[in-house]
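Only one structure is covered here, and it is reproduced in the block below.
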There are 2 protein chains.
Amino acid sequence: MVNRCIGIDPELPHARQTRTLHRMSTPAAITLLAWDRLLGAGARALRIARAELRRAGLPPLEWYDILAALERRGASRPRDLQRVVGIEQYNLSRLLTRMEAAGLVDMTHCPEDGRGQIVALTEAGAAQRAAMWPAYAGAIHGAIETRLGPDERIQLAGMLDKVAPTPAQ
Amino acid sequence: MVNRCIGIDPELPHARQTRTLHRMSTPAAITLLAWDRLLGAGARALRIARAELRRAGLPPLEWYDILAALERRGASRPRDLQRVVGIEQYNLSRLLTRMEAAGLVDMTHCPEDGRGQIVALTEAGAAQRAAMWPAYAGAIHGAIETRLGPDERIQLAGMLDKVAPTPAQ
DNA sequence: GCGGGGTCGATGCACCTGCATCAAGCGCGT
DNA sequence: ACGCGCTTGATGCAGGTGCATCGACCCCGC
């Protein structure tokens with residue numbers, strides 16, 4: 001899972017107690033606060049989403065991303081999927097093995113590249129993705145929509161993209 | 001580790017292609033974008049920080065948080081640490097076992113509560129935390145300071161706190 | 001046509017994590 | 001004093017993850 005991280009600057013042992021951001025906060029303290037909350041918020045949100053899926057007896061979160069990516073992009077090669085969903089190569093490899101065993105995807109040899117595979121969504125895979133959506137959407141809704149106004153969402157997305165740019169589809 | 005997540009709304013299969021946020025983006029698409037980037041940015045940042053520590057031959061990231069929390073709060077009980085660093089109970093328990101074996105913390109029985117433990121930082125622990133700081137700080141700096149202006153950092157921290165409020169110290 | 005460097009995907013191994021559960025201890029009401 | 005429900009922290013087990021590495025293959029220059 002993911003973990004929550006708290007940094008303290010040796011020079012500023014109580015940096016994090018700055019709950020309200022008044023203008024005397026030093027830049028370093030604010031950086032740490034932002035870092036801390038970035039990881040903290042992400043971890044929390046993830047935890048909730050995972051719990052939601054699990055309670056509904058659905059597959060893990062990562063499967064959704066892969067299924068969704070396949071639905072959007074059509075059959076793809078693992079190395080492309082990897083970039084899109086941001087999963088490590090060895091990890092994606094095993095994930096796909098499991099998903100194939102579960103009948104959600106179909107793997108065939110790539111005709112143009114003897115090393116490659118081609119991953120295709122099966123009907124069961126598409127159905128599974130659809131089945132996962134309500135639970136997943138619930139978690140997303142709870143994390144974002146009930147807490148941020150429309151403008152804030154745009155700002156948040158914009159700033160996060162600067163922090164770690166989304167790779168091209 | 002942590003994973004990057006992409007949501008697609010069945011009604012909006014190409015939601016994520018909205019790279020620039022123009023005003024025709026539907027609210028749902030923006031929510032997904034924000035969610036996606038929240039997890040993506042967090043995961044990326046984490047990955048970089050972990051790699052930085054590992055390359056320097058230092059202990060894992062979580063250790064830093066625990067060491068830092070102990071330094072800030074003084075000797076604490078696990079159940080309190082748990083809330084502060086946001087680690088699951090069973091996980092913290094094992095983490096502390098390893099850290100004690102490494103000589104970074106000291107565990108003693110809590111006199112007021114027969115069930116409890118008291119975790120204290122050793123000198124080696126404080127030294128280790130200090131040794132980890134430069135590598136960790138480098139990652140934080142690279143993720144936040146080189147990418148966001150001072151105002152943006154404040155905004156980001158504020159919005160993230162709404163998404164998943166930081167628990168009290 | 002051949003060799004070398006690079007890419008693709010799989011896998012052995014050690015470790016970490018999540019879940020369920022447990023034993024021990026607290027504290028309250030009676 | 002006793003019992004009951006709750007909290008604290010540990011742990012067995014199954015499964016996921018990270019790392020290093022491997023074999024197969026592509027492509028380019030010669």
Side-chain angles (χ1 to χ4, degrees), chain A residues 1-5 43-44 46-55 57-66 75-102 105-119, chain B residues 1-5 43-44 46-63 65-66 75-102 105-119:
Chain A
M1 183 295 358
V2 190
N3 312 290
R4 184 132 164 293
C5 298
R44 260 155 232 281
L46 249 183
R47 202 136 54 197
I48 291 172
R50 281 193 211 285
E52 201 101 1
L53 286 172
R54 147 164 290 271
R55 267 195 311 108
L58 292 165
L61 199 81
E62 291 77 13
W63 290 30
Y64 185 89
D65 292 347
I66 297 178
S76 310
R77 293 185 52 178
R79 60 115 191 251
D80 298 322
L81 276 178
Q82 184 189 334
R83 266 188 292 269
V84 172
V85 298
I87 294 182
E88 321 292 332
Q89 182 273 318
Y90 47 83
N91 220 336
L92 178 59
S93 170
R94 292 189 266 226
L95 231 42
L96 288 174
T97 306
R98 288 174 226 146
M99 291 175 72
E100 187 183 25
V105 300
D106 231 21
M107 312 254 307
T108 55
H109 289 284
C110 176
E112 298 112 37
D113 188 338
R115 300 163 293 183
Q117 303 274 85
I118 293 198
V119 192
Chain B
M1 190 284 356
V2 189
N3 314 288
R4 182 133 166 291
C5 298
R44 260 154 232 280
L46 250 183
R47 203 139 50 198
I48 291 172
R50 281 193 211 286
E52 200 102 1
L53 286 172
R54 146 165 292 270
R55 266 194 312 107
L58 293 165
L61 198 82
E62 291 77 14
W63 290 30
D65 291 348
I66 297 178
S76 309
R77 293 186 52 178
R79 58 115 190 248
D80 297 324
L81 276 179
Q82 185 188 334
R83 265 187 293 269
V84 173
V85 298
I87 294 181
E88 319 293 332
Q89 181 273 316
Y90 47 84
N91 221 335
L92 178 58
S93 171
R94 291 189 265 224
L95 231 43
L96 288 174
T97 305
R98 287 174 227 148
M99 293 176 71
E100 188 183 24
V105 300
D106 231 22
M107 311 254 307
T108 55
H109 289 286
C110 176
E112 299 111 36
D113 188 338
R115 299 162 296 183
Q117 302 276 81
I118 292 197
V119 192

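Lettering follows sequence order; numbering is per chain, from 1.
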Nearest whole Å is fine: how far is [N] [atom2] from [X] [atom1]?
X        : N      : atom1 : atom2 : value
B:Arg50  : D:dT17 : CZ    : P     : 13 Å
A:Arg55  : C:dC19 : CZ    : P     : 12 Å
B:Glu112 : C:dC26 : CD    : P     : 11 Å
B:Leu81  : D:dG9  : CG    : C1'   : 13 Å
B:Ile66  : D:dG9  : CD1   : P     : 13 Å
B:Glu88  : C:dC19 : CD    : P     : 7 Å
B:Ile87  : C:dC16 : CD1   : C1'   : 12 Å

Could you tell me which non-hydrogen atom of [X] sits nearest to which non-hydrogen atom of [Y], and how far apart they are?
X       : Y        : result
A:Gln82 : A:Ile87  : CG-O, 3.1 Å
A:Leu92 : A:Pro78  : CD2-O, 3.3 Å
B:Leu96 : B:Met107 : CB-SD, 4.0 Å
B:Asp65 : B:Val85  : O-CG1, 3.8 Å

Are side-chain heavy atoms of A:Trp63 and A:Pro60 found at a separation under 4.5 Å? yes
Each nucleotide of nucleotides 6-15 of chain C classed B (base within 4.0 Å of a protein heavy atom), S (only sugar-phosphate) or -, in 5' to 3' order, makes BBSBBBBB--
Look at A:Glu112 together with A:Arg77 and state whether they make a salt bridge at an N to O cut-off of under 4.0 Å.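 Judged by the 4.0 Å cut-off on N to carboxylate O distance, A:Glu112 and A:Arg77 do not form a salt bridge.
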Presence of A:Arg54 side-chain N/O under 4.0 Å of C:dG18 phosphate oxygens OP1/OP2: no
